[in-house]
Every structure is written in C-alpha cells, then in structure tokens.
Amino acid sequence: MGILEVKNVSKRFGGLQALGDVNLSVAENTVHAIIGPNGAGKSTLLNCLIGKLIPDTGSVMFDGNSVLGRKPYEINQMGISRVFQTPEIFADLTVFENVMIPCFATRDGAFRMHALESVANEPDIVEQAETMLADVNMLDKRNVHAGSLSRGDKRRLEMAMCLSQQPKLLLLDEPTAGMARADTNNTIDLLKEIKDKRDITMCIIEHDMHVVFSLAERITVLAQGTPLVEETPENIKGHPKVREAYLGEAQV
Ligand SMILES: Nc1ncnc2c1ncn2[C@@H]1O[C@H](COP(=O)(O)OP(=O)(O)OP(=O)(O)O)[C@@H](O)[C@H]1O
Ligand SMILES: [Mg+2]
C-alpha cells in the first residue's frame with residue numbers, strides 16, 4: 001500500500017477523455033516519475049491529486065484519507081504540496097516575504113496575506129523561513145523582489161515555499177521546464193538534498209530524461225490518459241511501449 005493510491009481515475013473535458021482509467025501507487029519516501037508525451041494527461045492527473053480538479057470517477061487516497069472534494073489548502077494541510085509548471089510566487093514581495101507566507105499559513109491554517117506584517121517579527125516564523133531559504137541556498141537573496149529573480153531562482157523559491165508547509169508528499173510538475181542545463185543540474189542536486197534531509201515522497205512529472213533518470217526510483221508512463229507501463233528506470237530504458245508512446249519524441 002503506497003502513501004498515495006490512485007484508483008480508476010478518469011476525467012473528461014467535453015468530448016476529450018483526458019484521463020482514462022488511471023491506477024497509480026506511490027510508495028512512501030520514494031521518487032516516482034510520471035512521464036509521457038505532451039497532452040498525455042500528466043498535469044490533469046496532478047490537478048486531481050491536489051483538489052484543483054475533481055475526477056469523474058475513481059478515488060485518490062493519501063495516507064489513508066481521500067483528497068477528493070477537499071479544498072487545495074486542506075490538501076496542503078494533509079501534507080501534500082505542489083510545484084507548478086510555471087512558478088507561482090508573489091512577484092511584488094521579497095524572497096523572504098514569499099517564504100514567510102506559507103510558514104504562518106501552515107500554522108494558522110488559512111492563507112492570510114494581510115497578516116504578513118504582523119508575523120514579520122515573530123521569532124519562530126522568521127526562524128522557519130530562514131531555515132527554508134537556507135535549505136534552497138537563497139538566504140543571500142532574501143530581500144530581492146521575487147519578480148526580478150532568474151527562472152531557476154524562482155523555482156528554488158517556490159520549492160522553499162512548498163517545503164515550508166512541511167509536506168509528506170511533494171508533487172512537481174516539470175520543475176526544470178525552460179531551464180538551461182546548469183540550472184537543471186542545480187535543481188536535480190537540490191531535490192536530492194531535500195530527499196536526503198527529510199522523510200519526503202516525491203512525484204515528479206518531467207520530459208527531461210536526464211532529470212528522470214537522475215532522481216526516479218519508479219516510473220509510470222502515461223499515454224493518452226492511460227498508464228502504459230510502471231517500472232524501474234533500468235527497465236524503462238528502451239521499453240517498446242515507451243518508444244511507441246513517444247512516437248519519436250522519445251529520449252529513452
Ligand atoms: N481545463 C481543460 N479544459 C479542456 N481541455 C483540457 C483542460 N486541461 C487539459 N485539457 C486537455 O487535456 C489533455 C491533457 O492535458 P494535460 O495538460 O494534462 O497534458 P500534459 O500531459 O500535462 O501535457 P504537457 O506535457 O504538454 O504539459 C490535453 O489534450 C489538454 O488539451
Ligand atoms: Mg502538463
């Protein structure tokens with residue numbers, strides 16, 4: 001039994017079957033990658049895991065509890081955090097303020113922007129935010145406006161915001177999309193460090209096979225909304241069904 005159990009999940013958008021009959025089991029404290037061509041349904045599946053979409057059928061259980069029908073902040077409180085395909089940060093706040101928000105949001109159980117000033121001097125929140133920034137090597141940028149950060153640093157900041165919520169499961173939707181190779185390698189190192197420092201399960205959607213093979217312990221291949229194969233990285237390489245799914249897009 002995995003920490004995340006997806007059973008018979010399907011999702012339709014009008015006439016389009018975005019997810020067929022998806023079953024997925026993610027074991028605790030592992031890195032599980034979901035790969036597949038553009039439009040395979042990867043982000044749709046992730047959206048079903050974090051309460052952004054409600055599947056038409058099926059169940060999604062996390063740590064023994066259903067996530068379906070819960071609001072995104074309730075799902076955060078259950079221990080699931082998500083890094084989006086495009087970093088979701090507050091461009092007009094500093095790096096430090098961005099990280100403080102989830103620190104106190106987790107404590108108070110609600111997302112309250114107006115409370116930022118009132119917690120700015122609370123030692124436990126400040127200490128927690130500093131720890132999170134140190135974890136992603138961004139303490140030196142604490143007073144920089146988030147909107148002016150490089151793409152790689154925005155991703156790092158978003159990672160710190162997710163980690164502030166002390167997640168048991170971190171969902172990452174293409175965490176290296178649009179990054180140069182150096183930033184991609186930094187992100188791989190960062191994720192490895194996070195994995196070493198905490199009890200955390202990661203579910204990562206990724207097109208870059210270098211990232212997938214550097215991090216993943218299990219890989220699910222999704223094509224046209226249906227899982228084709230679930231395997232170890234060694235067994236995925238050169239798998240005929242994987243080649244078929246990618247139709248020439250493959251790097252496997
Ligand atoms: N809100 C929506 N309304 C209608 N169709 C949607 C919606 N969201 C996704 N789709 C469609 O569902 C299918 C799966 O999309 P999804 O974004 O899950 O793919 P993906 O595997 O994440 O692709 P990519 O690798 O390009 O990010 C696509 O055909 C997409 O156009
Ligand atoms: Mg996507």
Side-chain angles (χ1 to χ4, degrees), residues 4-26 31-60 62 67-72 75 80-89 151-152 154-155 158-159 162 169-181 183-184 187-188 191 202-216 218-231 233 236 239 241-252:
L4 180 71
E5 291 284 336
V6 175
K7 293 238 188 315
N8 307 111
V9 161
S10 67
K11 181 71 193 174
R12 207 168 238 293
F13 296 112
L16 179 90
Q17 187 82 48
L19 295 175
D21 189 22
V22 177
N23 289 286
L24 177 73
S25 178
V26 177
V31 180
H32 194 120
I34 299 171
I35 65 172
N38 292 122
K42 304 180 296 296
S43 295
T44 303
L45 177 59
L46 230 68
N47 284 332
C48 291
L49 307 182
I50 50 123
K52 230 176 158 183
L53 282 176
I54 299 182
D56 301 331
T57 64
S59 63
V60 179
F62 174 68
V67 305
L68 300 185
R70 293 185 198 251
K71 297 194 167 51
I75 290 173
I80 303 180
S81 282
R82 178 193 184 178
V83 172
F84 288 85
Q85 204 157 346
T86 311
E88 298 220 336
I89 54 176
R151 200 181 170 98
K154 279 183 182 149
R155 182 59 84 195
E158 199 196 19
M159 213 84 85
C162 282
L169 172 66
L170 184 60
L171 304 172
L172 302 124
D173 196 348
E174 299 193 35
T176 65
M179 280 185 190
R181 183 52 80 196
D183 268 339
T184 297
T187 304
I188 292 171
L191 289 172
M202 295 188 189
C203 198
I204 180 168
I205 288 177
E206 190 51 71
H207 284 290
D208 185 335
M209 291 302 152
H210 170 59
V211 179
V212 171
F213 289 126
S214 300
L215 292 167
R218 296 291 295 179
I219 300 176
T220 295
V221 184
L222 207 62
Q224 296 175 333
T226 311
L228 281 186
V229 190
E230 199 214 296
E231 265 299 351
I236 282 286
H239 196 293
K241 281 199 170 181
V242 179
R243 287 179 185 276
E244 184 187 308
Y246 276 94
L247 289 173
E249 193 191 327
Q251 311 147 52
V252 288

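Just follow the structure's listing: the first ligand is 1, and inside any ligand the first atom is 1. Numbering of residues begins at 1 and proceeds along the displayed sequence. Not measured: the values here are computed from a predicted model.
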- Note on the structure: Given the options Val6, Val67, Ile80, Leu49 meets side-chain contact (heavy atoms from CB on, under 4.5 Å) only with Val6
- Query: Does any N/O atom on Ala40 come nearer than 3.5 Å to any N/O atom on ligand 1?
  - Reply: yes
- Query: Is there a side-chain contact between Leu46 and Leu172 (heavy atoms, below 4.5 Å)?
  - Reply: no
- Honestly, for Leu16 the part within reach of ligand 1 (heavy atoms, under 4.0 Å) is side chain
- Sidechain N-carboxylate O distance under 4.0 Å for Lys154, Asp183: no
- Item | Criterion salt bridge (Lys or Arg N to Asp or Glu O under 4.0 Å) on Arg82 and Asp173, from CA distance to verdict | CA-CA 8 Å; Arg82 178 193 184 178; Asp173 196 348; 3.4 Å; yes
- Is Gly39 in polar range of ligand 1, meaning some N or O pair under 3.5 Å apart? yes
- Item | Residue Glu230 excluded, over 12 heavy atoms near CD under 6.0 Å | yes
- Counting from 1, what ligand 1 atoms have a heavy atom of Glu174 closer than 4.0 Å? 25 (O), 27 (O)
- Would one find an N, O or S atom of Thr44, in either backbone or side chain, under 2.8 Å from the Mg ion (ligand 2)? no
- Message: Heavy-atom contact check, 4.0 Å cutoff: does Gly41 meet ligand 1?
- Response: yes
- Query: Considering only heavy atoms of Thr44, which atoms of ligand 1 have at least one such atom less than 4.0 Å away?
  - Reply: 9 (C), 14 (C), 15 (O), 16 (P), 18 (O)
